[in-house]
Amino acid sequence: MPTAQSETAENQALSVIGRPIPRVDGPLKVSGTATYTSDHNFPGMLYAVPVPSTIAKGTIAALDTSAAEKMPGVRAVFHRENIGRFFRVPPNDDFSIVIDENRPPFEDDTIRYYGQYVALTVADTLEQAQAAADAVKVTYDEETPDVRTKLTQEQEPKVGSQRGDATAAFNTAPIKVDQTYVTPAETHNPIELHATVAVWDGTRFTLYETTQSIKNHQLAVSAMLGVPPENVRIVSRFLGSGFGGKLWPWTHDVLTAAAARALNRPVKLVVDRKMMFQTVGHRPLTQQRIRLGATTNGKLVSTQHDSLNHSSILDDYDEGCAEATPHLYRCPNLRVTSGVVHLNVGTPTSMRGPGAVPGLFALESAMDELAVKLNIDPVELRLRNDTEIDEALNLPFTSRHLKECLTVGAEKFDWHQRTPAVGSMKKDGLIVGWGMAAATWIANRLDCEATIELKADGSVRVACGTQDIGTGTYTMLAQMVGEALGIDPDKIQVVLGDSALPTGPLSGGSMATASLVPAVLEAAKKASEKVQFAATAAGPFSGQSVANLIFSNGRIHRKDQSPSDGVPYEQVLQAAKVSSVSGSGSSKGDFTDALGITKPKLSSHSFGTQFVEVTWQPEIARLRVSRTLTVIDGGRIINPRTGRNQIEGAVVMGVGMALFEHTIYDDQHHGAPINSNLADYVVSTHADAPAMDVVFLDYPDTHLNAFGARGIGEIGLAGVAPAIASAVYHATGVRVRELPIRIEDLLG
Amino acid sequence: MQTFEFTRPSDVTSAATAAASAKTAQQGAEIRFIAGGTTLIDLMKLNVEQPHMLIDLNRLPLGDVETLPEGGLKIGAMVRNSDLAHHPAVLRYYPVLSQALLSGASAQLRNKATTSGNLLQRTRCMYFRDTTMPCNKREPGSGCGAINGANRMMAILGTSEHCIATNPSDMNVALTALEATIHIQNAQDTRSVPINEFYLLPGHTPQRETVLEPGDLITHVTLPAPAAGAKSLYLKLRDRASYEFALASAAVIVTVENNRINYARVALGGVGTKPWRSQEAEQALAGVTPSEDRFRAAAEAALQGARPQSQNGFKIELTKRCLTHALKLATQTA
Ligand SMILES: Cc1cc2nc3c(=O)[nH]c(=O)nc-3n(C[C@H](O)[C@H](O)[C@H](O)COP(=O)(O)OP(=O)(O)OC[C@H]3O[C@@H](n4cnc5c(N)ncnc54)[C@H](O)[C@@H]3O)c2cc1C
Ligand code: SF4
């Protein structure tokens, strides 16, 4: 371990990019002074509590609010008849406004999922509002809900990608794997609950929101409220994480806004943990059939990936399980399809690595089964099927180093020590299983604008209408601006989380970091040009031609001077009697390529491998994940500290996905997600976190942006579950194809 | 949550007297004692418990652990779980109790939780805790949600067609193996009840969980002197590595002399509707030479009467492995 001193010395040698500086917002967070959404309080603020339906299918027969209305402190009880009008978000296919649950709250009296809001109480205190919500009497005409976990195809499946003749090639392949894999409904459980604090000033709304996308929130919520977007300001300064669950608005947002408007008072609504399992999305159940055909030396000749996932009754949420399948390996014949099955469940939504994460559990588990069948080492099997080009798009990759992820990972993990026979490895009296899987995730950018202000007091302010969802965006931006201007990141004030700022990217799809780079570089260039200009007006460079001046390391100097002989920019601004100068940058994204809306020029993805060790004690059926190694080809890493943190967090989440997490919809009891709390919905604890090693290959992907940076929020989860399943097979001989892997699967 | 009155008596008699007017001391009690509050407050927030009055026991002089002259231990009702787990006498003479306590909940909860509160902690059955669901324990006659619902965590021993709820406590399993006695005081008198008679099987009345009557206050728990040379151990199996209730657990106390087991106490957790003493296992162990086969035979005997539900059949095998392994570990160290 390097000492603190040597670490500092090492850091100084690095440029700002790539330096493992601590989070700039760390002190605020550990001292409890970072203002999260539900920390916002206003004079006269009221509290709202939704009344959730206690059936998953049927209609409201009667809604009796009379008792609730008379309770102490109660200001209003809203429902379909008195809330006013909500509108739907305009349907579109260009990603311009996104919402997963399309039906606004209270639109009709039909209940389509358990927990659907049927009323909203507003009172002086949270306790009063809660008591009133409990006192609202709802009677239902209940029908039998459909919350089945065995999915059957509803319509013709949608073909996602196709090449060659996958069926024919499969039929004649000498080696075949044909298996179905299931991943359960999983519920996002960020510690911070969803919340809205709505303030209405008679014309405009200010909504303090738990959102991963302030800009989309502004557009979607204003559309639903039927007001111009400029009349809705969204603020989200800090997020206690979202994992995708906070990307798009949910029904509580507009309810809170409408209540604030109707009562002309600020209103706070915090979605409780139980409701988090009902009304704010989840990763849907997926059922995926994988058919692999291969030659006897392990070359894939056919890949078929047919997936189904559940969605809600009104929404067509397609998880996109085969997202990674077409480009991960070389294979001449391929066909991937998807289908949606509409059930009485809340609308699913993106959860960390949507599509690829459940999809890779299936594909990489099938690859592991193929390796076993062929008696080929699983790393070797992947190496044999590596590809130079994305065969789905018939395009080269911007930067693909999967091969190196495989070889470096194998080397660091001591993979050559692995003996393939089931249960053949032991350590400290325990059986040890080793498994691995490959991982991949999209690498794209979104549209972005940013403004940088250089001030005469020596400080720098960078503003962007994006948000930090806990991943470190404040820190990334300070580093990027610091790098661009040659200024210490300490001096840079980062302002995010307000829709009044220049339009920034949403925090999803691992795209925020990469999206920021071009806009920030342009803004930095323009701002520094303005300082150059100011320098020609007064001070030592007065009267010089701008063309002779240069801005570097935070100073203005002549081209023939070294920066250290130049003048600090603040002195230039002071001499020119200017308070500040600013520059704006903007860039177009390429995410529409990934959506198939526009045509890409190159295939742009991150890659990785994950190696896992599990220990197995058959005598007490105890399985634990003891060690992991993740190798990431995720472009240039801006901050290895926050970067590593992303990967480790994903690995811990992956342990939960593989072994614990599972939302149970109770078909015998009104279709309720019955384990809707953190005791019965089991997630990893610290004690479940294995020893984790993370390696970043750090190859800049300069096609994506000048720094070569990609996002890494999701790739760390992509291969964990299949690697664990592979290790479990190696330890126990049991192939579990339905997550989570539970004790009862392994008891024999 | 309902509004309630709150009182804070400073002596046991007034606490017991204040509670005497309640109609029941079981599910639905309008007057409740509050100790650490880690069970009760949760259930009040869920509207599962709706007492009109809370009597706070935190000022009562019941917070001590004392060694008894005849060699046993007296544990005050208000001794915190963490203090008890780390008490030198417990560590030395009753390690099974310390291990059981430390395997439960989290450090923060154990700092709040008390001996009497832990004895009376309620089942974690998801249907019991959700007032929109049927539950015979919470609302007699409404049906049992768990039997045809999510029953993976539920009991396999001591169940009835009316209730299959597990007693979730770890501490209680150890206390059962240790043959603890529970001491109760009410406005009139005091009495003591062996732990194995303290809990009731659900039968037709799952709402009645213990022998407690209105006004009964647990003052302390006593443990008999430890058997000479006894080795004891608690083994808890669960899905994740910590902070989860047991799928199966075993508390074992054994003495081995001349390569024969001459004293064995066995209790199981996570599988019974009450902390499950297994005299069947104890008999199977009596006088035998310790061996894996004998342990397994004892485990088979313990699970003889097990009745699984649709999702928890695996608990039978899991509990057998748990008990077999616990006995193996306990006798290894013997
Ligand atoms: C998240 C979580 C996880 C947990 N995990 C575990 C676990 O893994 N293993 C485990 O064993 N436990 C676990 N527990 C339960 C915990 O051990 C109990 O909540 C705790 O022991 C209860 O003690 P208390 O003092 O807080 O009880 P309280 O909540 O104060 O009281 C519980 C009940 O006992 C009654 N009562 C208390 N004292 C007396 C008395 N002297 N006389 C008569 N009646 C009395 C009260 O009226 C109430 O009905 C967990 C709890 C939580 C919240
Ligand atoms: S098992 Fe018991 S506590 Fe659970 S629902 Fe059935 S009756 Fe209620």
Side-chain angles (χ1 to χ4, degrees), chain A residues 52-55 72 114-115 126-128 130-131 134-135 138 272-274 617-626 655-656 659-670 672-690 740-748, chain B residues 1-3 42 45-47 50 105-106 124-127 129-135 143-153 168 235-245 247-250 292 295-296 310-326 328-329:
Chain A
S53 70
T54 53
I55 64 164
Y114 194 94
L126 174 62
E127 291 75 11
Q128 289 168 334
Q130 182 64 61
D134 292 343
V138 195
D272 70 20
R273 185 63 63 183
K274 184 173 183 179
Q617 267 173 290
E619 61 277 22
I620 50 171
R622 181 177 283 166
L623 180 84
R624 298 285 182 249
V625 179
S626 48
V655 171
L659 303 181
F660 313 127
E661 294 195 39
H662 178 197
T663 307
I664 304 164
Y665 293 92
D666 188 339
D667 59 351
Q668 298 298 308
H669 297 98
H670 318 288
I674 191 74
N675 57 336
S676 53
N677 61 74
L678 286 176
D680 297 304
Y681 183 89
V682 180
V683 299
S684 298
T685 62
H686 283 288
D688 297 293
I741 300 167
R742 294 172 310 172
I743 288 176
E744 46 268 52
D745 298 321
L746 307 179
L747 270 176
Chain B
M1 196 194 290
Q2 301 291 308
T3 40
D42 272 14
K45 286 201 221 160
L46 294 168
N47 287 327
Q50 298 188 306
S106 65
R124 303 297 301 193
C125 173
M126 294 184 276
Y127 301 87
R129 293 169 68 88
D130 184 338
T131 54
T132 66
M133 294 290 158
C135 170
C144 171
I147 284 182
N148 62 356
N151 55 41
R152 179 173 183 266
M153 296 295 290
L235 178 63
K236 177 175 180 178
L237 304 184
R238 48 186 157 187
D239 294 304
R240 68 180 173 196
S242 81
Y243 203 19
E244 196 186 8
F245 290 92
L247 283 168
S249 71
E292 187 124 11
F295 301 152
R296 180 76 194 188
S310 56
Q311 298 166 0
N312 65 3
F314 76 99
K315 278 192 172 188
I316 297 180
E317 174 59 21
L318 187 68
T319 311
K320 288 178 186 171
R321 291 197 198 179
C322 182
L323 179 53
T324 307
H325 198 66
K328 190 171 141 193
L329 292 177

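Residue numbers start from 1 in every chain, and the chains themselves are labelled A, B, ... in the order their sequence lines are given, proteins ahead of strands.
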Toward chain B, the part of A:Glu744 with a non-hydrogen atom under 4.5 Å: both
State whether A:Asp680 and B:Arg129 are salt-bridged, where the test is any N-O pair (Lys NZ or Arg NE/NH1/NH2 against Asp/Glu carboxylate O) under 4.0 Å. no
Can you measure from CG (B:Leu329) to CD1 (A:Ile620) and round to the nearest 0.5 angstrom? 8.0 Å
Can you tell me how far CD of A:Glu127 sits from CE of B:Met1, rounded to the nearest 0.5 angstrom? 8.0 Å
Relative to chain B, which of A:Gln668, A:Arg624, A:Gln617, A:Lys274 shows the most heavy atom pairs under 4.5 Å? A:Arg624
Among B:Arg240, B:Met126, B:Arg152, which has the most heavy-atom pairs under 4.5 Å with chain A? B:Arg240
Top contributor to chain A contacts, counting heavy-atom pairs under 4.5 Å, from B:Leu237, B:Thr132, B:Asn47, B:Leu235: B:Leu237
Residue among A:Asp666, A:Asp134, A:Ile664 with most heavy-atom pairs under 4.5 Å to chain B: A:Asp666
Is it the backbone or the side chain of A:Leu659 that comes under 4.5 Å from a heavy atom of chain B, or both, or neither? neither
Largest heavy-atom contact set with chain B, pairs under 4.5 Å, which of A:Leu623, A:Thr54, A:Ile674: A:Ile674
Select one option (side chain, backbone, both, neither) describing which atoms of A:Ile55 are under 4.5 Å from chain B's heavy atoms. neither
Ignoring hydrogens and geometry, is there a side-chain-to-backbone donor-acceptor pair from B:Arg321 to A:Leu747 under 3.5 Å? yes
Among all residues two or more places apart in sequence or in another chain, which pass the ring pair (Phe, Tyr, Trp, His ring centres under 6.0 Å) test with A:His669? B:Tyr127
Suppose we screen for salt bridge (charged side-chain N to carboxylate O under 4.0 Å, His left out). Which residues come up paired with A:Asp272, at least two apart in sequence or across chains? none
Contacting region of A:Val655 [heavy-atom separation from chain B under 4.5 Å]: neither
Which portion of A:Glu619 sits near chain B, non-hydrogen atoms under 4.5 angstrom: both
Engaged part of A:Asn675 at the chain B interface, taking heavy atoms whose separation is under 4.5 Å: both
